[in-house]
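These notes concern the structure reproduced below.
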Amino acid sequence: MNLVLPATLMALFALGVQDDKQPDVLPEDKAETVWEYLLIKYDANEDGQVSEKEYTRGAEHWKRLDKNADGFLSEDEFASSGRRGGRRGSGRGAGGGGRMAPAEAPKVGAKAPDFNLLVLPKKEKEKGAKDAKDGKAKKPEFVKLSSFKGKKPVALIFGSYT
Amino acid sequence: MKATYGKDVEFLVVYIREAHALDGASPRGGNGNPLVEEPITLDERSSVATTCVAKLDLGTLKTLIDDMDDSTSASYASFPDRLYMVGKDGKIAYAGGRGPRGFEPDELEDSIRVALELPPIERKKKASGEGRRRGGN
């Protein structure tokens, strides 16, 4: 969540840390800007720019990054990165919400849209290590919203890291 | 809030599409903001969520991962962030505004207290702009 949301969530809840697994995010102490991040991650030949060939995350994401569409990412394309107002890519604005068209929010009194979503696993270090040693895969856990009906209210907090 | 009401209310974080992935539609990153590429797979989204949980000390909360078609986020119009409460009857008891401006934890708490038949909390009326956060999504 960006610095806005984290502050909100931290105000809401008691804390407890469980670091589950190595994140697919470069450690922040290795990159301080978007350009540094891209260079470290993709500039395989260390020529100070990132070619489309070096970039591995697909054409859609490439097009958002290659602002001048010259087939290379260079530092001057990211001079304003880190501040609000970078060039907007195609598709989604602030209300976009992803690949699906934004729907109207369900109103008070309406039936809550049901879902059945994967639970982010928490690491039980000793058990996990033992199970891994025994060759047991952790069974994914899912939560279905409607399973709480008749039992307890549910507070839903929607958000992301950025 | 979870420490106070967690025995009677289920708190679920629903982890959705990144609001400001560095290669997203509204990029942000660096200068103190997390540098995150927009996850392409559920595994990637889970990985970023894991980092988020660790960095923000959310380990006491159960975190759910929205599918990559963002279907749950869409059905709740929740992007970039939003609060809801669903009553025991399965109906929406509280629907917060869209974040960041509409993200009001006090309102969620008030709704919880109504659901639990607890007396309301006396709150000082916020001055204009107080509690609203700068920047955001």
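Here the structure is a predicted model, which is why all the values come from computation and not from measurement. Note: hydrogens, waters and symmetry copies are ignored here, and every other heavy atom, side chains too, is used.
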Using heavy-atom distances under 4.5 Å, tell me whether A:K111 contacts chain B through its side chain, its backbone, both, or neither.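 For A:K111, backbone and side chain are both near chain B.
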
Residue [X] versus chain A: region with a heavy atom under 4.5 Å:
{"X": "B:Y84", "answer": "both"}
{"X": "B:D23", "answer": "both"}
{"X": "B:A21", "answer": "backbone"}
{"X": "B:D8", "answer": "backbone"}

A:T162 and its side-chain hydrogen bond (donor to acceptor under 3.5 Å, both in side chains) partner, picked from B:E18, B:R17, B:H20: B:E18

Closest heavy-atom pair and its distance - [X], [Y]:
{"X": "B:I16", "Y": "A:S160", "result": "O-CB, 3.6 Å"}
{"X": "A:P106", "Y": "B:A95", "result": "O-CB, 3.7 Å"}
{"X": "B:I92", "Y": "A:P113", "result": "CD1-CD, 4.5 Å"}
{"X": "B:L64", "Y": "A:F115", "result": "CD1-CE1, 3.6 Å"}
{"X": "B:G24", "Y": "A:R64", "result": "CA-NH1, 3.5 Å"}

Within-4.5 Å side-chain heavy-atom neighbours: A:L118 and B:S46: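 Result yes, sub-4.5 Å side-chain heavy-atom pair found.
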
Do [X] and [Y] share a hydrophobic cluster (ILVMFWY, side-chain heavy atoms under 4.5 Å, transitive)?
{"X": "A:L38", "Y": "A:W62", "value": "yes"}
{"X": "B:V114", "Y": "B:V9", "value": "no"}
{"X": "B:L61", "Y": "A:F142", "value": "yes"}
{"X": "A:V34", "Y": "A:F72", "value": "no"}

Is the NZ atom of A:K152 crowded by more than 12 outside heavy atoms at less than 6.0 Å? yes

Is the backbone of B:E38 close enough, under 3.5 Å, to the side chain of A:R57 for a donor and an acceptor to pair up by distance? yes

Using side chain to side chain contact (heavy atoms under 4.5 Å, CB included), reason through B:V86 and A:F148 one step at a time and then give a plain yes or no. CA-CA 9 Å; B:V86 179; A:F148 296 101; over 6 Å; no

Using side chain to side chain contact (heavy atoms under 4.5 Å, CB included), reason through A:L156 and B:Y76 one step at a time and then give a plain yes or no. CA-CA 10 Å; A:L156 298 175; B:Y76 282 87; 3.9 Å; yes

In Å and rounded to the nearest 0.5 Å, what is the NZ to NZ distance from B:K91 to A:K107?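 It is 15.5 Å, given to the nearest 0.5 Å.
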
Residues at least two apart in sequence or cross-chain that pass ring-ring contact (aromatic ring centres under 6.0 Å, His included) with A:Y42, listed by chain then number, are A:Y55

Give a yes or no on whether a salt bridge exists between B:E10 and A:K151, defined as a side-chain N under 4.0 angstrom from a carboxylate O.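 Salt bridge absent between B:E10 and A:K151.
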
I'd like to know which of B:G6, B:A49, B:S78 tops the heavy-atom pair count under 4.5 Å against chain A.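 Among B:G6, B:A49, B:S78, the one with the most close pairs to chain A is B:S78.
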
Between B:I65 and A:L117, is the side chain to side chain contact (heavy atoms under 4.5 Å, CB included) condition met? List the steps. CA-CA 6 Å; B:I65 311 297; A:L117 296 178; over 6 Å; no

Applying side chain to side chain contact (heavy atoms under 4.5 Å, CB included) to A:H61 and B:E37, what does each step give before you reach the verdict? CA-CA 9 Å; A:H61 293 255; B:E37 289 173 295; over 6 Å; no

